[in-house]
Amino acid sequence: MIKIAKLISGSKISAQIKDEVKAQIEQMKKENDTVPGLAVILVGENPASRVYVANKEKGCAQVGINSETVRMEDTVSTDDILAEIDKLNNRDDIHGILVQLPLPQQVDTGRVLMAISPDKDVDGFHPVNMGKLVAQQDCLVPATPSGIIEMLKRENINLKGANATMVGHSEIVGKPCTLLLLNEWATVTVCHIETKDLKMHTKDADIIIVATGVPYLIKEDMVKEGAVIIDVGINRITKDKASPDLLEWRKEDFEKKGATLIGDVDFQRVEPKASHISPVPGGVGPMTIAMLLKNTLKAAKMAVEKK
Ligand code: GUN
């Protein structure tokens, strides 16, 4: 009998979350005469960043958030960006500020992230929010990791006592996701580029979360029967780099666009072993946007309460 894992559809779950956010925003408009506002600073012409920002604008429009994008040349200085952030920090109609990463080399990303008011830091990257996450205090939590936890919870996957392996230790995904899993009482192992034997840490895990940007990193022999797999990777593979298998599986994408998007997991071979698996695209990606919108609503609620 061929087993098929349950697909965890981020597209479906994110649509539910957006509906919930939209309803709360309508209520907020009525009761508090406040419309949440999100400002995004986009520097340069990075194609991936432009796609993300366009998706954020679309998501805001869907739920009733006012969105504003500040576009800056890729020759900007740290001070130029700090001046924009200062203006946005002082505006009452802007509740969330997000600086799309990565920034050009000449810019000091740490200083930029530190300049965003922690109350408006809808990415949750400010050290104040990171520290609150460690201390388990209420705060704005990075969108991708909180989206991952939301997916697991809404699929009724047990986290308490589960062995979870986090592959990737970035500030954006791996580190905050590790803390969120710990806060749910999972036993967490964190792996990264210097990990000596990755398979040793994945093969017995109940839950594997992968955020590395390395296509095909997680192969079938690294995964136990019945594991839950969350794939955060987004890798664009062009036709000339694709394996015969991938060319066949994603035939339509290659014919239409000459490329396809895959995650960090060898999906076709790992999927039959997994109990649940998130696809790419349509898995974690849409969850990030939904959680960002939820964070913007939360920041607006905090501003209303402070008034
Ligand atoms: N670049 C890639 N992911 C993210 C994210 O979650 N937030 C921001 N600001 N930039 C990103």
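Ligands are counted one by one from 1 in listed order, and the atoms in each one are counted from 1 as well.
In this structure, Glu184 does not pair ionically with Lys160, as no charged nitrogen and carboxylate oxygen lie closer than 4.0 Å. Between Glu68 and Arg91 there is a salt bridge, since a side-chain N of the basic residue sits under 4.0 Å from a carboxylate O of the acidic one.
Of all the listed residues (Ile41, Val40, Asp123), Asp123 holds the heavy atom that lies closest to atom 5 (C) of ligand 1.
Residues that satisfy the salt bridge (Lys or Arg N to Asp or Glu O under 4.0 Å) test with Asp92, not counting sequence neighbours, are absent from this structure.
In the model, Asp264 has a side-chain atom that pairs as donor or acceptor with a side-chain atom of Thr212 under 3.5 Å. Between the side chains of Lys294 and Gln24, no donor-acceptor pair of N or O atoms lies under 3.5 Å.
Proximity to Leu98 (heavy-atom distance under 4.0 Å) selects the following atoms of ligand 1: 9 (N). Interface of Leu101 with ligand 1, defined as ligand atoms under 4.0 Å from a residue heavy atom, comprises 1 (N), 8 (C), 9 (N), 10 (N), 11 (C). Ligand 1 places these atoms under 4.0 Å from at least one heavy atom of Val99: 8 (C), 9 (N). For ligand 1, the atoms closer than 4.0 angstrom to any heavy atom of Gln100 are 1 (N), 9 (N), 10 (N), 11 (C).
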